[in-house]
2 protein chains.
Amino acid sequence: MSESFPNGNSARSTRQKRALAGALARSSSFRSAQDLHAELRLRGERVGLTTVYNQLRALADTGELDVLRTDEGESLYRRCSSGQHHHHLVCRSCGMAVEVEADAVEAWAEAVARRNGFTAITHTVELTGVCPNCQ
Amino acid sequence: MSESFPNGNSARSTRQKRALAGALARSSSFRSAQDLHAELRLRGERVGLTTVYNQLRALADTGELDVLRTDEGESLYRRCSSGQHHHHLVCRSCGMAVEVEADAVEAWAEAVARRNGFTAITHTVELTGVCPNCQ
DNA sequence: GATCTTATTTGCAATGATTACCACTATTGA
DNA sequence: TCAATAGTGGTAATCATTGCAAATAAGATC
């Protein structure tokens, strides 16, 4: 029992992980798993769809990726700039996104929750529109 | 060609519609299609699952129902109190919901969008917590 | 009431994203 | 080099939801 990583943080560096990380790094848009997988394929990278799903979920779990669900129920991912809590202003045409902070909204949410006797509050705030480039 | 309803608003009153309306009326919680269908079955009502889906979608389209998507991608429905634009404070345990208005948030959303050059803005704001009864 | 038009209903197949399985592969510490 | 096991990925399964086409039944008209 050679506990190298007491906290279970043992990650191996694989070709697939690097490829996915690269794809995510060079895009500032929210992308779907299928979309990312297709791009990797086009680039000649040999990566399984299942692997893409696995990795995206893992990265999202550790907070390295932001996740978003479309109205059609598809999950979109994007690399997370800050570790801070934040929201997004997303372009519904190209997926490009801007991270926005919203202290005012946070405060409002807290107040509304308290006023109604709710506890353990979490909130979802997403703004969708058309970015300057897509207009 | 007896145009009784020039605007295509021809709705027939059926046993199934009434049953579903009843189920929705006696609940103040967000319910899933499957959930509502199960309740109708338990009550002895003979209604097809497809019909429940059809009706829920139709009602949601006309704004008579509020729709909400869970993290798992399931759609939840609830009768809509007001025709006004509003948001929800939903109990993650029982689905009970309170409609809340958020002028402050609306204004904030508009400001953020304009500042970033985005147009055709829509926003999603949902608060989730545990209601007083479920604590 | 009888009849007709067509809105509704509904079982079943199909869809589409995502996950479960699990045998196989490859990274990394020793 | 080698063993332990994290990671991979093809395939089958899941699950909410929708498409379809035939059967049913409101509501208007006769």
Side-chain angles (χ1 to χ4, degrees), chain A residues 1-24 30-41 43-62 64-65 67-77 95, chain B residues 1-23 30-41 43-62 64-65 67-78 95:
Chain A
M1 191 192 285
S2 53
E3 286 288 279
S4 320
F5 294 96
N7 287 3
N9 183 7
S10 58
R12 291 181 183 174
S13 171
T14 67
R15 173 174 55 77
Q16 293 88 335
K17 283 184 184 175
R18 285 190 296 274
L20 181 56
L24 286 166
F30 272 90
R31 316 277 299 279
S32 70
Q34 314 262 357
D35 185 17
L36 287 163
H37 178 247
E39 179 185 321
L40 293 180
R41 277 299 170 81
R43 285 192 156 242
E45 305 276 6
R46 221 170 307 91
V47 182
L49 179 57
T50 300
T51 298
V52 173
Y53 272 109
N54 283 343
Q55 287 307 320
L56 288 177
R57 186 159 43 133
L59 292 171
D61 285 348
T62 64
E64 291 168 72
L65 288 183
V67 192
L68 205 53
R69 315 248 335 178
T70 67
D71 290 337
E72 293 81 40
E74 197 177 24
S75 290
L76 303 182
Y77 303 84
Chain B
M1 192 191 285
S2 52
E3 286 288 279
S4 319
F5 294 97
N7 287 3
N9 183 7
S10 59
R12 290 180 184 175
S13 170
T14 67
R15 173 175 56 75
Q16 293 89 335
K17 283 183 184 175
R18 285 190 296 275
L20 182 55
F30 273 91
R31 314 278 298 278
S32 70
Q34 314 263 356
D35 184 18
L36 287 163
H37 178 247
E39 178 186 320
L40 293 180
R41 277 296 171 81
R43 286 190 157 243
E45 304 276 5
R46 221 170 307 91
V47 181
L49 178 56
T50 301
T51 299
V52 173
Y53 273 107
N54 282 344
Q55 285 309 318
L56 288 177
R57 186 158 45 133
L59 292 171
D61 284 348
T62 63
E64 290 169 74
L65 288 183
V67 192
L68 205 52
R69 314 246 338 177
T70 67
D71 290 337
E72 293 81 41
E74 197 178 23
S75 290
L76 303 182
Y77 303 84
R78 193 184 87 137

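Just so we're on the same page: letters track the sequence lines, and every chain starts at 1. This one's a predicted model, so the numbers in the text were calculated from it and none came from an experiment.
- The closest donor-acceptor contact from the side chain of B:K17 to the backbone of B:Q55 lies at 3.5 Å or more, if one exists at all.
- A heavy-atom distance below 4.5 Å is not found between the side chains of A:E45 and A:R41.
- Atom CZ of A:R46 and atom C1' of C:dT25 are 13 Å apart (whole Å).
- Using a 4.5 Å cut-off on side-chain heavy atoms (C-beta onward), A:T70 and A:L76 make contact.
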Show me the protein contacts with nucleotides 17-19 of chain C, counting only N or O atoms at under 3.5 Å.
from   : atom 1 : to    : atom 2 : distance (Å)
C:dT18 : OP1    : A:S75 : N      : 2.7
C:dT18 : OP1    : A:S75 : OG     : 3.3
C:dT18 : OP2    : A:Y53 : OH     : 2.7

Using the 3.5 Å cut-off, write out each protein N or O paired with an N or O of nucleotides 2-6 of chain C and the distance between them.
from  : atom 1 : to    : atom 2 : distance (Å)
C:dT6 : O2     : B:R12 : NH1    : 3.3
C:dT6 : O2     : B:R12 : NH2    : 3.3

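- An OP1 or OP2 oxygen of D:dT24 is reached within less than 4.0 angstrom by no side-chain nitrogen or oxygen of B:Q16.
- Atom C1' of nucleotide C:dC12 and atom CG of B:N54 are separated by 14 Å, given to the nearest angstrom.
- Following rounding to the nearest Å, A:K17 (NZ) and C:dT25 (C1') show an atom-to-atom distance of 14 Å.
- The shortest distance between side-chain heavy atoms of A:Q16 and A:R46 does not fall below 4.5 Å.
- How far CG of B:L56 is from CG of B:L20: 5.0 Å, rounded to the nearest 0.5 Å.
- A:T14 comes within 4.0 angstrom of sugar-phosphate atoms only, judged by non-hydrogen atoms across all strands, and of no base.
- Taking atom CG of A:D71 as the reference point, atom P of C:dG16 lies 18 Å away to the nearest angstrom.
- Every side-chain contact (heavy atoms from CB on, under 4.5 Å) that B:L59 has, sequence neighbours left out, goes to B:L24, B:E64, B:L65.
- Judged as a side-chain contact (heavy atoms from CB on, under 4.5 Å), and not counting sequence neighbours, the contacts of A:R57 are A:N54, A:D61.
- Taking side-chain N and O atoms only, B:S13 has no distance below 4.0 Å to OP1 or OP2 of D:dA26.
- If you take CG of A:D61 and P of D:dG7, they are 13 Å apart, rounded to a whole angstrom.
- Screening residues 31-40 of chain B for salt bridge (Lys or Arg N to Asp or Glu O under 4.0 Å), with sequence neighbours left out, gives B:R26-B:E39, B:R31-B:D35, B:R31-B:E39, B:E39-B:R43.
- Rounded to a whole Å, the CZ atom of A:R15 is 15 Å from the C1' atom of D:dA6.
- Rounded to an integer number of Å, the gap from A:R18 CZ to D:dT8 P is 10 Å.
- The separation between A:L56 atom CG and D:dG9 atom C1' is 15 Å, rounded to whole Å.
- Partners of A:Q34 under the side-chain contact (heavy atoms from CB on, under 4.5 Å) rule, at least two apart in sequence or in another chain, are A:S32, A:L49, A:Y53, A:E74.
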